[in-house]
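First comes the structure, then the notes that go with it.
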Amino acid sequence: MNAVTFAPKTWPMWLFAIVQVLFWAGLGAASVRRTQELEGAKRLPPPRTEPLRVRPQYDFDWIITDEQLRRVLDQLQPRFRGEKPRINYVDHALRFWGAAATFPDPQALSGKDMRDLLTKHSKFREEWGAKTPPLLTGSPQGVKVRLREGMATASHVDHTLATLAECGTPVDFPVQTASAQATVKSLLAQSLREFSLNQTEYEWSALIFALYLPQKKWISREGQEITFDLLADRLMRQRYSQGVCFGNHRLYTLTILLRVDETEGILTPESRQRAIAHLAEATRRLVESQAQDGSWDGGWSGEQSANTEAAPSALGQRILATGHALEWWAMAPTEVHPPREVMVRAAQWLYTAIDGMDAATIQKNYTFLSHAGRALALWRGCDEPAQLLEAETSDKDQAASITD
Amino acid sequence: MYTPSPVHSDLATLPLKPLLDSRWELGWRHVAACAWFCLLFLYFNYIPLFHSDLWGHVHYGKWMLEHHQLVDQDPFMPLVQGMHSANNAWLSQVIMAQLHAWGGPHYLSNLFAVVAVGAYLVHARTFYLLSGRLGLAVLGTMLLLAIGWSRHAIIRPEIFGNLCFALLFWLVVSGGDRSADRNAARGDSTEDPATASGFGWRLWIGAPLLMLAWVNLHGSFAVGLVFLGCHAVAVAVEEGWRTKSLTGLLQSRRFQRWAILLQLCVAATLINPYGLDMLLETWRFGKNPNLKDVLEWYPLKLIDMEGLQFGLSAVLLLVALRWSRRPVRLVEVLLFTVFLVAMAPTIRMIAWYAPVFLFVWTPHAADAWRHLERRLRTYLPSLESFAQPPAATMADDAIKPADASAVPQAASEATRAADQDTGATSPVENEEPRPAIRFAGTLACGLLVWTTFAFSPISQPILGGKSRTLDRVHSRGTPLAITKYLREHPPGGMIFGPQWWGDWLAWDGPPGTQVFMTTHVHLAPSTVWKDYLRVARGLTGWQQTLDRYAIDTLIADKTLQPALVDAVRGTDAWQVIHEDTQGVIAQRKSARQSAEPEPTDPADPAESTEPAAESTSERAIEPTEPTEPTSEPVAEPVSESERSPA
C-alpha cells in the first residue's frame, strides 16, 4: 500500500537545468552517433586501386599444342572494325584478348580500341552515331551501363565491368559518359549500390567484388550484410543447368572466388569445402554426359531444359558448353579436374570445330567462341593471347626477311 | 427431544460476529462486475491459438533456450541471412517457449488468458480511480474490448505490452496524492492526478521498473514513453503558461517531477541486451518498406472495422464532452491527438489508442453522468443511479464517496432506500442488517470465481480432467494436416509457403525445416519480399522465381491464394502431392528438370525472348514486380471471416 507520497524539495533551477541538458543532449548525441555508425556501415567499401589478377596456373601442351592454339587464335581475332560493332561482342573480345592486345589483321580492333569503345562515349558515338542512346549514363549511384536494349548495349548485368576487372583496369581509369567525366570507380559504385544478393544475374557482380574489394563484407542497399560466403552460397544455390550459359558462369565465378580465397582468405573453410564439393559434382556430371566427340551441350548437367526455342544452334550450344567447361577448369584447383582424357577430347573437339569454321559462323557465335578461345589459351598459361599472335607474326616477318 | 444445554442456549442468543471485516461486503454491482470479468476470463481461455507469428516467437524462444544466446539472425529463414535486427521481444519469447516446454500449447493459452484478463483488471482499477464509479470502470473495460476488438484475440508478445501499458496507466493515476484523486473524481480538479504534493514511491520506483521489464518484453515500450512524454509536455506547457517565464517553469515542482520521471523511464529502457539500438530500432521499424504490403500496417479507413471502432470512440467522446463540466486537460488533448495521429497511418495502433481514449474519456464520462443523473432524478426520483459510487467498505484505498452535498437530496434518499433494499451498508444507516446477508454478494463472487476457474482449462492441472484436443487449442486456420504430412514425407530444401503459415511450418514441420518467408517480413531483403509476393499471388514469372531460389516444394493456402493454386494445377512442371481443406502441397515433378530455362547468352541480343528489364534499378529480367496493393496478411488474413479468430 502506497499511502506515503514522496515529495522531495524542488531542485535548484540551475541543477535541474543542467541535468536536463546533459541527459537529453547526451541521449541525442549518442543516438546521432549510433545512427551515423549504422549508416556508416552501409557506406560503400573502398576498392583496391588495381583489381586482383587471377592468372592461369597450368600450361599443358597435351591439351592443345602451340600450333593448334595459334590457329584458333588467328581464327578468333576480333574483326569488328567497321560500322557499329556489337557491344556484346566487344565485351567478350576484350575479356578474351586483354586491353593491351594488338593484332596483325587491320580489321581487328585492338584491346585499347575495344576498351575505349566501352568506356568513352566519344568513341562509342564515333562507331554508333549520335542517334544511338549512349552506352554509359550517369546516375545518382554512379555510372550505369545500358543493358539489354539492343546491339549497342551490354547483354548481362555487370558484364562490362567484370570484363574491365579481368583485364586489370584500375579504378581510376577514366570513363566518359555523354555528359560527364568519371572513372571506373563510378561503375563499381553503381554496381555496389544496386546489388541485391537475389537478383537474377549476379555472376559478374560477384566476380567484380572479388577482384576489386579488399573488404570481406559490406552492407547492401537492402541492409543485408554481404560476405563472400553468402555469394558462394548464392552461386551454388540453383540447379546446375540454371543461369546464363547453361549455368557455366556461376561455376566460373565460384572458381575465381576459390582462387582469390587462396591469397586473400575471403571464404571460411566450410564455405571453401562446399564450393569445392559443388565444383567436383559439376565435374562428375560433365564426365558422365560428355559426348563421344568430346563436346557437351545444354544437357551437360543431366537436367533437361524444356524449352530450347531461344537457345543457340546445336553447334553454338556445343561450343558454348564445351568452351565454358574448359574455361572454368583452367582456373580451378586440380582436385576438381576430370580425368585427363576428358579435357583432351574436349579441347581437341573445340580446336577441330573452330579451325574449320568460316568467318560468318565465327561472327554469329563470337561470344561463345571467345570463351572457347580463352579457355584454350588459359590451358597454355596465357591470359594475353594476342602476344602469341604477335610472336608468330614476328617470327614470320623474321623468316621472310631472312629469305629476302 | 434435544434440549440445548444452558451453555449452548447462551451461545445461540449471541449476535453473529462476522469473520471478515466490512470491506468484504460486496453488493450486487460487485457481483455484476465479477461476473463480467469471469466471463471475460472464460472467453480468453477458449480463444484458440492463432496460426501465424505466435509460433515464430515461441520458436525463437526455444532456440534461445537451447543455444543460450539471443537470436541475431533468423534461424528459420535462410534468405534473411545477413539481415541483423534487435529482437525486441526476446524475454516474451523465452517465457512463451518455457511455458510451452512445460505444458504445450495449453499453457500458452492459459498464459494469454491470465495476461489478457490481468490487463483488463488493471484497466478497470484505473478507470475506477479516474471516475470513482464501479459501473463506469466495468463499462470502460467493455468499451476497451469493443474498440480494440480487432486485436483483442491476438496472442503474441504484444499481450505483455498491453499489460505493461495498463500497469503504467495505473501507476500514473494511483501514484499520486489521494486528494488529487478525489478532486479528479469530483471533476473539479485542474491539476493532473499525479499530484500537487508529490508522486508516490510506487510511481517513482514502479514506473522505471515497469519500463525496464517492458523494453525486454515487447517493442511497444515506446508507447509507454510517449504516454509519459505527453504528460511531461502538458505540464511544461501549463506551468510555462502559468509562470510566464522559463525560470518559473524550471523551478516548477510539477514540471520537475514529470521531467525526472520521464528521464528515469527513458534511462530504464536502455537496460536491455541491445542498449540504445533497441530505441533506434523501434523508431525505424515502422518505416520498413515491406510492411506496406501487410494488412495490419495499412492506414485507417473509416469503412473498415477499425474505422467503425474509431467512429464509436469519437461519438462517445463527443457525448461525454458535451455533458461534462470537467475541464479538458491539456494532457488529455495531447494524448488523444498523438495516439489518433499514430493510428491513422497504421491500424494496428488501435490497440494503444483504445486504452488512451478511455483514459481521456472516463473522467469526463463520470462527470457527464453525474450531471445527467441529477437531471434524470428530477424526473425520476426513484431511479437508483447505475454509477452510484459504492459504499466506503470497498477497499482501503477506495475513493471516498463524493461529498453528500454534491448530490441532490432526492438522490440521497433514493440511495438510502435502495441500499435498504439490497442490504448494502450505508454510512447514514442506523440499523445493522443481519450479518449473513451482508456477505451474500461476497459469496456470490466467490462462487463465480470458483466456477470460472473450474470451467476454465487453467484448472486442469489442479482439478484434473481432460485437456482440450489440439484441434480445439489451435485455430481453424492452423494447417495441422499439412505439417503432419510434411513430417511423414520430409521435403528436401527450402519450402515456399504463405508467410502467415511460415512460422507454423518451421515450428511444426520436420526438424530443420527452412521456409521462404515467415511473418518476420521486416527482416526480408526487399528483393526477396517482392519475389515472395510474385509467387504468393501466382503472378507471371512465378516459376522462374522459384527456380532462382531452388524451391522444389510449394505450399499454398486454398482460401487465400486461389490464383497460385490454379497456377500450380495448370502447369506440368509441378505436381500436387497433398491436398486437404486448407491447402495444397506441390512438388516439382523432376528436381533435375527446370520448368523454364533461364536466359542463355544469345548470339544476337535482339533475338532474346526474355523481356528487357523494365527497371534497371531492379536489375532483373523477370516480369516487373507486382503493383496491385492487395493485402498481405500477417496475423489476420484478408478474409473477413478470419479477422476475429474467435
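Quick note on labels: first sequence line is chain A, next is B, and so on, each numbered from 1.
Looking at B/A267, the atoms closer than 4.5 Å to chain A (heavy atoms on both sides) sit in the backbone and in the side chain alike. For chain B, no part of A/I219 is nearby; none of its heavy atoms comes within less than 4.5 Å. Residue contact with chain B, scored on non-hydrogen atoms closer than 4.5 Å, is absent for A/W14. Within the 4.5 angstrom heavy-atom criterion, atoms from both the backbone and the side chain of A/Q20 approach chain B. Of the atoms belonging to A/R234, it is side-chain heavy atoms, and not backbone ones, that fall under 4.5 Å from chain B. Contacts of B/L79 with chain A are made by both backbone and side-chain atoms, with heavy-atom separations under 4.5 Å.
Heavy-atom pairs under 4.5 Å with chain A peak, among B/L523, B/L279, B/I260, at B/I260.
When the options A/D229, A/D233, A/T227 are evaluated for a side chain to side chain donor-acceptor pair (under 3.5 Å) with A/S271, the one that passes is A/D229.
Between A/D91 and A/T163, the side chains place a donor N or O and an acceptor N or O closer than 3.5 Å (distance only, hydrogens not considered). Of the N and O atoms on the side chains of B/T527 and A/Q199, not one donor lies less than 3.5 Å from an acceptor on the other residue.
Residues A/F195 and A/F209 bring their aromatic ring centres within 6.0 Å.
Using a 4.5 Å heavy-atom cutoff, the side chains of A/R250 and A/R237 are not in contact. Within the 4.5 Å cutoff, the side chain of B/V172 has heavy atoms near those of the B/W258 side chain.
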